[in-house]
**Student:** 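Right, I'll just put the structure down here and ask away after.
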Amino acid sequence: MPTVAIYARVSTKDRGQETENQLTQLRAFSASQGWTVFAEYVDHESGSHDDRPQFKQMFADASKRRFDTLIFWSLDRLSREGVLQTLQHLQRLTGYGVGYRSFTEMYLDSCGIFKDAVISILAVVAKQERIRISERTKAGISSARAKGKHIGRPFVSVDAAEVARLRGEGVSYRAIGKRLGASAGTVRAAHVKMAVRVTE
């Protein structure tokens, strides 16, 4: 019979809620199916990030195929990071050869008949989420530029004549960069630009 792992979570902000309510139902469900429970992973943290101790341990064990299927009470108990990140978590489990199943959402079952449909829908929503994030980022950059703010790494000016002198002494671009407080690429670009001017 399949070996399953149980994941339960409540946010520290969810006053009055206890993971025991989820665990009781998930244990009973597993027993009714004849499944062996390998481990229970329980977090009392927000689901808005994946830096949760038991969440990370669960994935570490999943990567070693220590259980066949992960069951959780509902998808938002597994993650509240957004559709894109949640989809990636599910795909990560699948990549490890581990299935998943939601107790309260019967359609969310990696072995069920709706698997492909649900993943397709999540993928479409995730794509739209990526587009919205990209659009917001572009809008923010355009707004900043309109206000005269510099976007990206701060501009570093180097003395091209000094670069040429040091290069003439056999000093590398990297070493020159360290002396002048610039990257090797910036130093090289200044040197090349000066050489072009000299030959024009």
**Student:** Donor-acceptor check, side chain of S63 to backbone of A60, threshold 3.5 angstrom: yes or no?
**Tutor:**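 Between the backbone of A60 and the side chain of S63 there is a qualifying donor-acceptor contact (under 3.5 Å).
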**Student:** From Q22 CD over to I71 CD1, what is the distance, rounded to the nearest 0.5 angstrom?
**Tutor:** 11.5 Å
**Student:** Mind listing the closest non-hydrogen atom pair of M58 and L78 along with its distance?
**Tutor:**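 Result for this residue pair: CE-CD1, 4.3 Å.
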**Student:** Residues in side chain to side chain donor-acceptor pair (under 3.5 Å) with D50, at least two apart?
**Tutor:**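 Applying side chain to side chain donor-acceptor pair (under 3.5 Å) to D50 gives none.
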**Student:** Closest heavy-atom contact between E45 and P53?
**Tutor:** OE2-CD, 3.0 Å
**Student:** Sequence neighbours left out, what passes side chain to side chain donor-acceptor pair (under 3.5 Å) with Q57? Give chain and number order.
**Tutor:**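 For Q57, the residues satisfying side chain to side chain donor-acceptor pair (under 3.5 Å) (neighbours in sequence not counted) are D61.
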**Student:** Residues two or more places apart in sequence or in another chain: which of them pass salt bridge (charged side-chain N to carboxylate O under 4.0 Å, His left out) with K178?
**Tutor:** none
**Student:** Looking at F55 versus H89, is the centre-to-centre ring distance below 6.0 Å?
**Tutor:**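 Ring-ring flag for F55/H89: true, centres closer than 6.0 Å.
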**Student:** Using a 3.5 Å cut-off and no angle test, enumerate the donor-acceptor pairs between side-chain atoms of residues 30-37 and protein atoms at least two apart in sequence or in another chain.
**Tutor:**
from: S30; atom 1: OG; to: L26; atom 2: O; distance (Å): 2.9
from: S32; atom 1: OG; to: F29; atom 2: O; distance (Å): 2.6

**Student:** Once salt bridge (charged side-chain N to carboxylate O under 4.0 Å, His left out) is applied, do any residues pair with D109, and if so which ones, sequence neighbours excluded?
**Tutor:**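 Here the qualifying residues are R101.
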**Student:** With R179, which residues qualify under salt bridge (charged side-chain N to carboxylate O under 4.0 Å, His left out), at least two apart?
**Tutor:** none
**Student:** Sequence neighbours excluded, which residues qualify as side-chain contact (heavy atoms from CB on, under 4.5 Å) partners of R27?
**Tutor:**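 For R27 the side-chain contact (heavy atoms from CB on, under 4.5 Å) partners, ignoring immediate neighbours, are I6, E20, L23, E40.
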**Student:** For G177 and V187, which heavy atoms make the closest approach, and how far apart are they?
**Tutor:**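 Of all heavy-atom pairs spanning G177 and V187, the closest is CA-CG2, 3.6 Å.
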**Student:** Quick one: are F67 and T3 in side-chain contact, heavy atoms under 4.5 Å?
**Tutor:** yes
**Student:** So, for V10 and R77, which heavy atoms are closest and what is the spacing to 0.1 Å?
**Tutor:**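 Closest heavy-atom pair between V10 and R77: CA-NH1, 3.7 Å.
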**Student:** How long is the gap from OG1 on T186 to CG on L180, to the nearest 0.5 Å?
**Tutor:** 10.5 Å
**Student:** S48: what forms a side-chain contact (heavy atoms from CB on, under 4.5 Å) with it, not counting sequence neighbours?
**Tutor:**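 With sequence neighbours excluded, S48 shows a side-chain contact (heavy atoms from CB on, under 4.5 Å) to S46, given in chain and number order.
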**Student:** Tell me if a side-chain donor or acceptor on S79 pairs with a main-chain N or O of L75 at a distance below 3.5 Å.
**Tutor:**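 Checking the backbone N and O of L75 against the side chain of S79, no donor-acceptor pair under 3.5 Å is found.
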**Student:** Would you compute the distance between atom CZ of F103 and atom CG of L108 and round it to the nearest 0.5 angstrom?
**Tutor:** 14.0 Å
**Student:** Drop me the distance from T86's OG1 to E81's CD, to the nearest 0.5 angstrom.
**Tutor:**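 T86 atom OG1 to E81 atom CD measures 6.0 Å (nearest 0.5 Å).
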**Student:** Using the side-chain contact (heavy atoms from CB on, under 4.5 Å) rule, take F38 and D68 through it: C-alpha gap first, then chi angles, then the decisive distance, then the call.
**Tutor:** CA-CA 9 Å; F38 166 74; D68 302 307; over 6 Å; no
**Student:** Return the minimal non-hydrogen interatomic distance between R52 and H49, and the atom names on each side.
**Tutor:**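 Of all heavy-atom pairs spanning R52 and H49, the closest is NE-O, 2.7 Å.
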**Student:** Identify the heavy atoms of W73 and Q25 that sit nearest to each other, and give their distance.
**Tutor:** NE1-NE2, 3.3 Å
**Student:** Checking S110 now: which residues fulfil side chain to side chain donor-acceptor pair (under 3.5 Å) with it, not counting sequence neighbours?
**Tutor:**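 S110: no side chain to side chain donor-acceptor pair (under 3.5 Å) contacts found.
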**Student:** Please report the interatomic distance OH(Y7) to OG1(T19), rounded to the nearest 0.5 Å.
**Tutor:** 10.0 Å
**Student:** Just to verify, what does E105 make a salt bridge (charged side-chain N to carboxylate O under 4.0 Å, His left out) with, not counting sequence neighbours?
**Tutor:** none
**Student:** Do D43 side-chain atoms and R9 backbone N/O form a donor-acceptor pair below 3.5 Å?
**Tutor:**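 No; judged by distance alone, with no hydrogens or angles, the pair does not exist.
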**Student:** Mind checking side chain to side chain donor-acceptor pair (under 3.5 Å) for Y96 and listing every partner two or more places apart, or none if nothing turns up?
**Tutor:** R92
**Student:** With sequence neighbours excluded, tell me which residues meet side-chain contact (heavy atoms from CB on, under 4.5 Å) with R167.
**Tutor:**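 Testing R167 for side-chain contact (heavy atoms from CB on, under 4.5 Å), a comparison that skips the adjacent residues, returns V163, Y173, I176, H191.
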